[in-house]
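Worksheet for the structure shown next.
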Amino acid sequence: HEEHISDRLLNYLNSKSSVRVIGQSKANRQCRVPTISFVVDGMNSSTIPAKIDQHYIGKRKRSPLTSNIMVHYNTLEEVNSLIEAFEQIF
């Protein structure tokens with residue numbers, strides 16, 4: 001399950017030219033845990049969590065990275081909501 005939802009988010013992030021994913025670009029549990037860290041060109045990562053707070057989507061702030069953790073209780077709908085929020089931000 002974590003691989004499936006992580007892959008959805010990774011595919012989105014990797015499609016954005018302004019985003020650099022930290023670590024493996026694919027959700028392969030042999031190569032990465034379901035924590036997805038990234039940076040956005042021209043954005044201070046510490047500003048991103050505050051911008052998505054209104055959507056009540058789980059996230060963790062670690063300057064200078066933004067990290068999202070995809071675990072067994074997350075749903076694909078939550079990932080899609082996170083992506084929708086990101087579309088408004090970057």
Side-chain angles (χ1 to χ4, degrees):
H1 177 74
E2 289 92 348
E3 248 180 286
H4 177 69
I5 61 175
S6 294
D7 199 48
R8 171 74 175 108
L9 182 57
L10 282 166
N11 285 336
Y12 168 76
L13 293 172
N14 286 315
S15 76
K16 306 301 266 182
S17 61
S18 62
V19 175
R20 181 172 52 93
V21 173
I22 309 303
Q24 298 291 321
S25 61
K26 295 290 181 188
N28 178 340
R29 66 179 148 201
Q30 304 300 320
C31 300
R32 74 173 302 140
V33 296
T35 300
I36 300 168
S37 297
F38 61 94
V39 293
V40 180
D41 292 340
M43 287 192 83
N44 181 328
S45 294
S46 66
T47 66
I48 295 173
K51 292 178 181 181
I52 62 171
D53 272 348
Q54 65 185 353
H55 300 277
Y56 302 103
I57 302 166
K59 73 270 177 210
R60 178 173 295 173
K61 178 178 71 172
R62 286 190 189 150
S63 188
L65 307 174
T66 298
S67 299
N68 291 91
I69 302 169
M70 302 288 114
V71 292
H72 63 279
Y73 53 77
N74 289 113
T75 66
L76 187 57
E77 291 77 22
E78 288 174 317
V79 175
N80 289 333
S81 294
L82 180 61
I83 289 170
E84 288 175 17
F86 284 160
E87 279 293 311
Q88 297 174 22
I89 298 168
F90 53 84

### Task
Can you sort out the partners of Lys16 under salt bridge (charged side-chain N to carboxylate O under 4.0 Å, His left out), two or more places apart, ordered by chain and number?
Glu87
### Task
Applying salt bridge (charged side-chain N to carboxylate O under 4.0 Å, His left out), name anything that partners Glu77, two or more places apart in sequence or on another chain.
none
### Query
Do Arg20 and Phe38 come close enough that some side-chain heavy atom pair is under 4.5 Å?
no
### Query
Is any side-chain heavy atom of Val40 closer than 4.5 Å to a side-chain heavy atom of Ile48?
yes
### Task
Please list, chain by chain and in numerical order, all residues satisfying side-chain hydrogen bond (donor to acceptor under 3.5 Å, both in side chains) with Asn80, sequence neighbours excluded.
Arg8
### Summary
Hits for side-chain hydrogen bond (donor to acceptor under 3.5 Å, both in side chains) against Gln24, two or more places apart or cross-chain, chain-then-number order -> none
### Task
Just do the side chain to side chain contact (heavy atoms under 4.5 Å, CB included) check on Ile36 and Ser6 with the steps written out, would you?
CA-CA 8 Å; Ile36 300 168; Ser6 294; 4.0 Å; yes
### Query
Say you draw a straight line from CD of Gln88 to CD1 of Ile52; how long is it, rounded to the nearest 0.5 Å?
11.0 Å
### Pairwise distance CG(Leu13) to CG(Leu82) - rounded to 0.5 angstrom
8.0 Å
### Task
Could you check Met43 against Lys51 for side chain to side chain contact (heavy atoms under 4.5 Å, CB included), going step by step and ending with a plain yes or no?
CA-CA 12 Å; Met43 287 192 83; Lys51 292 178 181 181; 3.6 Å; yes
### Smallest separation among heavy atoms of Leu10 and Lys26, with atom names
CD1-C, 3.6 Å
### Message
I'd like to know if the side chain of Asn11 reaches the main chain of Asp7, judged simply by a donor and an acceptor atom lying under 3.5 Å from each other, with no hydrogens or angles considered.
### Response
yes
### Set of residues satisfying ring pair (Phe, Tyr, Trp, His ring centres under 6.0 Å) with respect to Tyr12, sequence neighbours excluded
none
